[in-house]
Amino acid sequence: MNQYIPSTGYNVFFDNTLDELQQFIQTNAYSKVLLLVDRNTSEHCLPVLQAAMPAFDGYDIIEIDPGEENKNIDFCIGIWKMMLDFGADRQSLLINLGGGVVTDMGGFAASTFKRGIDFVQVPTTLLSQVDASVGGKTGIDMDNVKNIIGTFAQPKAVFIANRFLDTLDKRQLVSGFAEIIKHGLIADKAFYETVKGMDAADLSLEHIMHSVTIKNEVVTQDPTERGLRKILNFGHTIGHAIEGYSLAHDGNPLLHGEAIAVGMICEGYLAHRNNGLSKGALDDLIHTFRTHFPDYTYHPGSYDELVALMKNDKKNTGDQIGFALISDIGQCSIDQFVDEALIRESLDFYREIVS
Ligand SMILES: NC(=O)c1ccc[n+]([C@@H]2O[C@H](COP(=O)([O-])OP(=O)(O)OC[C@H]3O[C@@H](n4cnc5c(N)ncnc54)[C@H](O)[C@@H]3O)[C@@H](O)[C@H]2O)c1
Ligand SMILES: O=C(O)C(=O)C[C@@H](O)[C@H](O)[C@H](O)COP(=O)(O)O
Ligand SMILES: [Zn+2]
């Protein structure tokens with residue numbers, strides 16, 4: 001079942017996806033079509049796309065190095081330069097074929113090139129299919145602060161083909177599972193109960209669709225995150241700080257989903273202390289994340305740096321650090337401001353449970 005997003009005016013395709021993409025390109029008279037890939041999606045996904053769209057070969061390819069460490073202004077400049085070299089004009093289309101790094105940075109590059117050209121998302125990781133490709137948040141990182149430069153820019157369409165997941169490794173698949181679990185935790189208890197004990201490899205297209213539906217219902221009501229949309233950020237105030245810290249210090253840094261899994265445990269603790277989350281629900285959340293995700297080790301010596309990263313969170317007001325905190329499984333409150341001492345306590349809490 002394809003989904004139409006009324007507030008933002010685009011379709012998310014789940015059926016005959018690559019036929020739909022071919023048709024989309026044929027019916028829109030773009031002057032030029034550019035395709036953004038990273039090295040891995042060039043190897044694993046581009047041949048699938050090319051085989052499924054035999055009538056379409058007139059595109060220029062921009063290839064970037066994979067990984068979060070490359071979601072930055074230098075790579076973005078590289079994309080803009082290639083667009084110029086290929087002669088892209090305002091009537092051009094950029095197809096972003098990849099995970100969240102490609103869809104976030106490609107969306108950002110497109111939304112700013114010549115003040116904005118059309119782009120479509122063809123997400124190839126579980127994480128980008130259930131979350132990053134929909135909703136119109138685009139951006140890049142700077143100084144290990146996540147997504148600190150970016151735009152709200154909606155794609156012209158999103159094309160979700162779960163056959164791309166066949167070549168994705170298990171660690172990446174599980175990373176995407178974190179956002180699916182988050183969608184249940186913030187808005188749909190029954191969905192959380194259904195997925196929490198599943199193996200990520202057994203998630204079906206229906207689970208992906210349901211996750212997208214939850215996100216779309218939120219984004220439709222608040223596309224530019226004035227209020228309600230902040231619930232999609234549960235786990236991210238601390239999770240993004242952990243992710244940025246890990247990128248800066250770890251040889252094998254945490255993936256986004258792994259970091260926000262840690263963030264959701266810490267923020268679950270804050271929710272228990274400040275927002276009425278029961279001890280039973282907190283224990284359940286902890287059990288769920290520790291079943292699927294490896295424990296992460298950090299030391300109290302990292303707290304100052306972690307808190308400094310949190311001070312850049314986009315939900316903050318003045319010097320108050322902002323959170324979206326659940327109050328029950330399936331219910332989430334926005335604009336929760338928490339004292340630094342309690343934030344540090346939540347970091348202790350996580351360290352103690354994994355020690
Ligand atoms: N805009 C949003 O709403 C939103 C939501 C959630 C996450 N994000 C962002 O998404 C990013 C994480 O996305 P991600 O987890 O997709 O990471 P990613 O884009 O880095 O992809 C993960 C890895 O898988 C490889 N890969 C991609 N598709 C593949 C395939 N089909 N087969 C084999 N390898 C493949 C990539 O090359 C990369 O090495 C983060 O930057 C995060 O901040 C954005
Ligand atoms: O779409 C949203 O809104 C989200 O918050 C989804 C998050 O999973 C995602 O990681 C997003 O990129 C975070 O955005 P940010 O505004 O905290 O940078
Ligand atoms: Zn996220």
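Everything numeric in this text was worked out from a predicted model, so none of it was measured. Whatever order the structure lists ligands and atoms in, that order sets their numbers, starting from 1.
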Which residue and atom name correspond to the protein heavy atom nearest [atom], and how close is it?
atom	value
atom 5 (O) of ligand 2	N233 ND2, 2.8 Å
atom 18 (O) of ligand 2	K314 NZ, 2.5 Å
atom 18 (P) of ligand 1	V101 CG2, 3.9 Å
atom 40 (C) of ligand 1	E68 OE1, 3.1 Å
atom 2 (C) of ligand 1	A132 CA, 3.5 Å
atom 27 (C) of ligand 1	T125 CG2, 3.3 Å
atom 15 (O) of ligand 1	L127 CB, 3.6 Å
atom 16 (O) of ligand 2	K137 NZ, 2.8 Å
atom 35 (C) of ligand 1	L168 CD1, 3.6 Å

Mode of [X] contact toward ligand 1 - side chain, backbone, both, neither (heavy atoms, under 4.0 Å):
X	answer
D38	side chain
R39	neither
T103	neither
M105	neither
H256	side chain

**Prompt:** Given the rule in the ring-ring contact (aromatic ring centres under 6.0 Å, His included) test, do F191 and H183 qualify, once you have shown the distances and angles that lead to the verdict?
**Reply:** CA-CA 8 Å; F191 184 57; H183 286 151; 8.0 Å; no

**Request:** Compute the shortest N/O to N/O distance between N147 and ligand 2 and return yes if it is under 3.5 Å, no if not.
**Result:** yes

**Message:** Side chain or backbone, does H236 bring an N or O within less than 3.5 Å of an N or O on ligand 2?
**Reply:** yes

**Message:** Rounded to the nearest 0.5 Å, what separates atom CG in D335 from atom CG in L325?
**Reply:**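 With rounding to 0.5 Å, CG (D335) is 10.5 Å from CG (L325).
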
**Message:** Once rounded to the nearest 0.5 Å, what's the spacing between atom CG of L255 and atom CZ of F293?
**Reply:**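 Separation between the atoms: 9.5 Å.
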
Would you check the N or O atoms of [X], main chain and side chain alike, for any that come under 3.5 Å of an N or O of ligand 1?
X	result
T124	yes
R229	no
N40	yes

With a cut-off of 4.0 Å, which atoms of ligand 2 are near a heavy atom of [X]?
X	answer
E179	8 (O), 10 (O)
D131	6 (C), 7 (C), 8 (O)
H240	13 (C), 15 (P), 17 (O), 18 (O)
E225	3 (O)
K182	6 (C), 7 (C), 8 (O)
R229	1 (O), 2 (C), 3 (O)
H256	10 (O)
L232	1 (O), 2 (C), 3 (O), 4 (C), 5 (O), 6 (C), 7 (C)

Is the closest basic N to carboxylate O distance between [X] and [Y] below 4.0 Å?
X	Y	result
K114	D89	no
K137	D131	no
R351	D348	yes
D284	K196	yes
K71	D65	no
D169	R171	no
E243	K146	yes
K279	D283	yes
E225	K314	no

Geometric class of the [Y]/[X] ring pair [parallel <30°, tilted 30-60°, perpendicular >60°]:
X	Y	result
H292	F177	perpendicular
F24	F159	perpendicular
H240	H236	perpendicular

Taking 4.0 angstrom as the limit and counting only heavy atoms of [X], give me the atoms of ligand 1 inside it, by number and element.
X	result
K71	9 (C), 40 (C), 41 (O), 42 (C), 43 (O)
G99	16 (O), 19 (O)
F164	30 (C), 31 (N)
E179	6 (C)
T41	27 (C), 28 (N)
K215	3 (O)
K146	40 (C), 41 (O), 42 (C), 43 (O)
T167	30 (C), 31 (N), 32 (N), 33 (C)

Backbone of [Y] reached by a side-chain donor or acceptor of [X] within 3.5 Å:
X	Y	result
D143	V145	no
Q121	T103	yes
T112	R115	no

**Request:** Start with the C-alpha distance between Q50 and Y59, add both sets of side-chain angles, then the distance that settles side-chain hydrogen bond (donor to acceptor under 3.5 Å, both in side chains), and finish with yes or no.
**Result:** CA-CA 11 Å; Q50 286 167 328; Y59 43 80; 2.9 Å; yes

**Request:** Restricting to N/O/S, name the atom of E179 that gets closest to the Zn ion (ligand 3).
**Result:** OE2

**Message:** With a 4.5 Å cut-off on side-chain heavy atoms, are L49 and L97 touching?
**Reply:** yes

**Request:** Please work out which of A259, G100, C45, P66 has its closest non-hydrogen atom nearest to atom 10 (O) of ligand 1.
**Result:**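 Among A259, G100, C45, P66, the closest heavy atom to atom 10 (O) of ligand 1 comes from G100.
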
**Prompt:** With a cut-off of 2.8 Å, does any N, O or S atom of D131 fall short of it relative to the Zn ion (ligand 3)?
**Reply:**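 False for D131.
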
**Prompt:** Yes or no on salt bridge (Lys or Arg N to Asp or Glu O under 4.0 Å) for E340 and K311, after CA distance, side-chain angles and deciding distance?
**Reply:** CA-CA 10 Å; E340 204 177 304; K311 287 191 171 158; 3.2 Å; yes

